[in-house]
Amino acid sequence: MTLRLKQTYLLFIASLVLISCNSNKNTTAFKLKQGDLLFQNTGTSDVANAIKDVTATSLSKNYSHVGIAMQKDDQWFVVEAYPKIGVSQTSLKTFLDRNKNKLNKSQTTVARLDSIYQPYIAKALDYGIERLNTPYDDVFLWDDTSYYCSELVYKMFSTQNLAKAAIPFLTHPMTFNDSTGHPMPSWITYYKTRNQPIPEGIEGTNPNLMASSPHITFVHDYEQE
């Protein structure tokens with residue numbers, strides 16, 4: 001084989017390898033699915049840190065927000081309840097751009113409900129859409145006139161006549177105390193400015209508790225893209 005022929009052959013082989021790599025990359029690229037849960041670390045504000053401090057579990061420690069993915073007219077949105085905005089249909093880009101790390105990667109992780117819950121997603125999203133523009137519940141009370149993020153997601157499913165044991169997420173008595181059993185200073189200030197008592201022991205939920213559900217599987221981390 002001549003030198004020129006060898007070079008042509010090697011170039012051909014390299015091209016096949018490159019095409020194969022690109023093909024594999026395309027087939028493994030992550031794709032959102034209707035009803036995926038987007039868990040987010042919304043930053044290092046006093047409130048965000050306070051939420052994480054009192055809601056961390058052995059399985060999940062860093063989430064302070066959650067929403068549900070929805071595709072509409074070939075575009076992706078997140079149905080969420082967000083401070084100062086309320087229940088909204090937020091573009092995926094806006095959601096992912098909300099808080100990024102030093103490498104400009106979104107601090108957002110995606111989880112997918114088990115297949116048994118997939119039939120309930122359409123009605124869950126309908127529930128959220130019907131409540132667009134409902135105020136955000138900034139005192140975290142379990143009522144139907146306003147919603148905080150995980151409350152909205154929980155009620156998207158709990159209002160579908162599912163038995164409590166069949167709902168994919170848990171509720172539990174909320175706490176705003178530190179490890180000594182005393183209210184955290186950040187929460188004292190938070191509720192004082194709102195002229196509200198701290199709702200210690202009130203039933204509720206939170207993003208970290210939801211992320212610990214055995215009925216979901218984490219499928220993607222935007223921070224690792």
| task | Evaluate the side-chain proximity of His65 to Tyr82: yes if any heavy-atom separation is below 4.5 Å, no if none is. | result | yes
| task | For Asp138, enumerate each residue passing the side-chain hydrogen bond (donor to acceptor under 3.5 Å, both in side chains) test, keeping only those at least two apart in sequence or located in another chain. | result | Arg194
| query | Strictly by modelled atom types, are Glu223 and Asn101 linked by a side-chain donor-acceptor pair under 3.5 Å? | reply | yes
| Side chain to side chain, Leu125 and Ile68, heavy atoms closer than 4.5 Å | yes
| field | Thr134 side-chain N/O to Thr145 backbone N/O, donor-acceptor pair under 3.5 Å | value | no
| request: Step through it carefully: locate the ring centre of His220, locate the ring centre of Tyr222, and say whether they are under 6.0 Å apart. | output: yes
| request: Evaluate whether atom CG of Asp143 has more than 12 neighbouring non-hydrogen atoms of other residues, nucleotides or ligands under 6.0 angstrom away. | output: yes
| Roughly how far, to the nearest 0.5 Å, is the NZ atom of Lys155 from the CD1 atom of Ile167? | 11.0 Å
| Atom pair SG/CG of Cys149 and Leu38 - distance to nearest 0.5 Å | 12.0 Å
| field | Validation row: Glu200, Asn177 side chains within 4.5 angstrom (heavy atoms) | value | yes
| Taking the six-membered ring for Trp, are the ring centroids of Phe140 and Tyr148 within less than 6.0 Å of each other? | yes
| query | Heavy atoms, side chains only, cut-off 4.5 Å: are Trp76 and Met70 in contact? | reply | no
| query | Do the non-hydrogen side-chain atoms of Leu152 and Tyr127 ever get within less than 4.5 Å of each other? | reply | yes
| Do the side chains of Ile85 and Ile129 join up, straight or via other hydrophobic residues, at under 4.5 Å, putting them in one cluster? | no
| message | Going by side-chain contact (heavy atoms from CB on, under 4.5 Å), Leu37 matches just one of Val110, Val153, Val219. Which one? | response | Val153
| note | On a heavy-atom basis, the closest approach of Ile116 and Pro119 is O-CD, 3.5 Å
| said: Just by distance, no angles: are the side chains of Glu203 and His172 close enough, under 3.5 Å, to form a donor-acceptor pair? | reply: no
| OG1 on Thr171 to CD1 on Ile202, rounded to 0.5 Å | 12.0 Å
| query | Ignoring hydrogens and geometry, is there a side-chain-to-backbone donor-acceptor pair from Asp221 to Thr109 under 3.5 Å? | reply | no
| Between Ser146 and Asp137, what is the shortest heavy-atom contact and its length? | OG-CB, 3.3 Å
| request: Answer yes or no: is there an ion pair linking Glu80 with Arg98, defined by an N-O contact shorter than 4.0 Å? | output: yes
| Pair Phe77-Lys72, side chain to side chain contact (heavy atoms under 4.5 Å, CB included): steps then yes or no | CA-CA 7 Å; Phe77 300 89; Lys72 180 180 179 182; 3.9 Å; yes
| query | Would Gln75 and Ser91 count as having a side-chain donor-acceptor pair, cut-off 3.5 Å? | reply | no
| Can you list the residues that meet the side-chain contact (heavy atoms from CB on, under 4.5 Å) rule with Pro168, with sequence neighbours excluded? | Leu113, Tyr117, Phe157, His215
| Main-chain N/O of Val139 paired to Tyr191 side chain as donor or acceptor, under 3.5 Å | yes
| field | Side chain proximity check, Ser64 to Pro207, heavy atoms < 4.5 angstrom | value | no
| request: Evaluate the criterion side chain to side chain contact (heavy atoms under 4.5 Å, CB included) for residue pair Met156 and Lys123; output intermediate values, then yes/no. | output: CA-CA 8 Å; Met156 283 177 162; Lys123 285 188 177 180; over 6 Å; no
| task | For Asn41 and Tyr63, work out which heavy atoms get closest and say how close. | result | N-CD2, 4.4 Å
| remark: Looking only at heavy atoms, the pair that brings Pro214 and Asp114 closest together is O-OD2, 3.8 Å
| query | Going from NZ on Lys31 to CD on Gln71, what distance comes out if it is rounded to the nearest 0.5 angstrom? | reply | 10.5 Å
| task | Using atom types as modelled and distance alone, determine if a side-chain donor or acceptor of Asp178 lies under 3.5 Å from a backbone N or O of Gly181. | result | yes
| query | Is there a side-chain contact between Phe218 and Phe39 (heavy atoms, below 4.5 Å)? | reply | yes
| note | On a heavy-atom basis, the closest approach of Asn206 and Ser150 is CA-OG, 3.2 Å
| remark: Here the gap from Leu92 atom CG to Thr94 atom OG1, rounded to the nearest 0.5 Å, amounts to 9.0 Å
| Any donor and acceptor pair, going by atom type alone, linking the side chain of Lys105 with main-chain N or O of Glu225 inside 3.5 Å? | yes
| message | Using only atom types and a distance under 3.5 Å, with no angle test, would you say the side chain of Gln40 pairs donor to acceptor with the backbone of Ser106? | response | no
| query | Below 6.0 angstrom between ring centroids: does that apply to Trp142 and Tyr154? | reply | yes
| field | N/O donor-acceptor pair under 3.5 Å between Ser213 side chain and Leu209 backbone | value | no
| message | For a 4.5 angstrom cut-off between non-hydrogen side-chain atoms, does Arg112 reach Gln118? | response | yes
| request: In sequence, state the C-alpha distance, the side-chain angles, and the governing distance for Lys100 and Asp97, and then conclude on side chain to side chain contact (heavy atoms under 4.5 Å, CB included). | output: CA-CA 7 Å; Lys100 294 186 175 183; Asp97 286 347; 3.1 Å; yes
| CE on Met210 to CD on Glu151, rounded to 0.5 Å | 9.5 Å
| request: Look at the side chain of Thr189 and the backbone N and O of Ser186, then say whether any donor-acceptor pair between them is shorter than 3.5 Å. | output: no
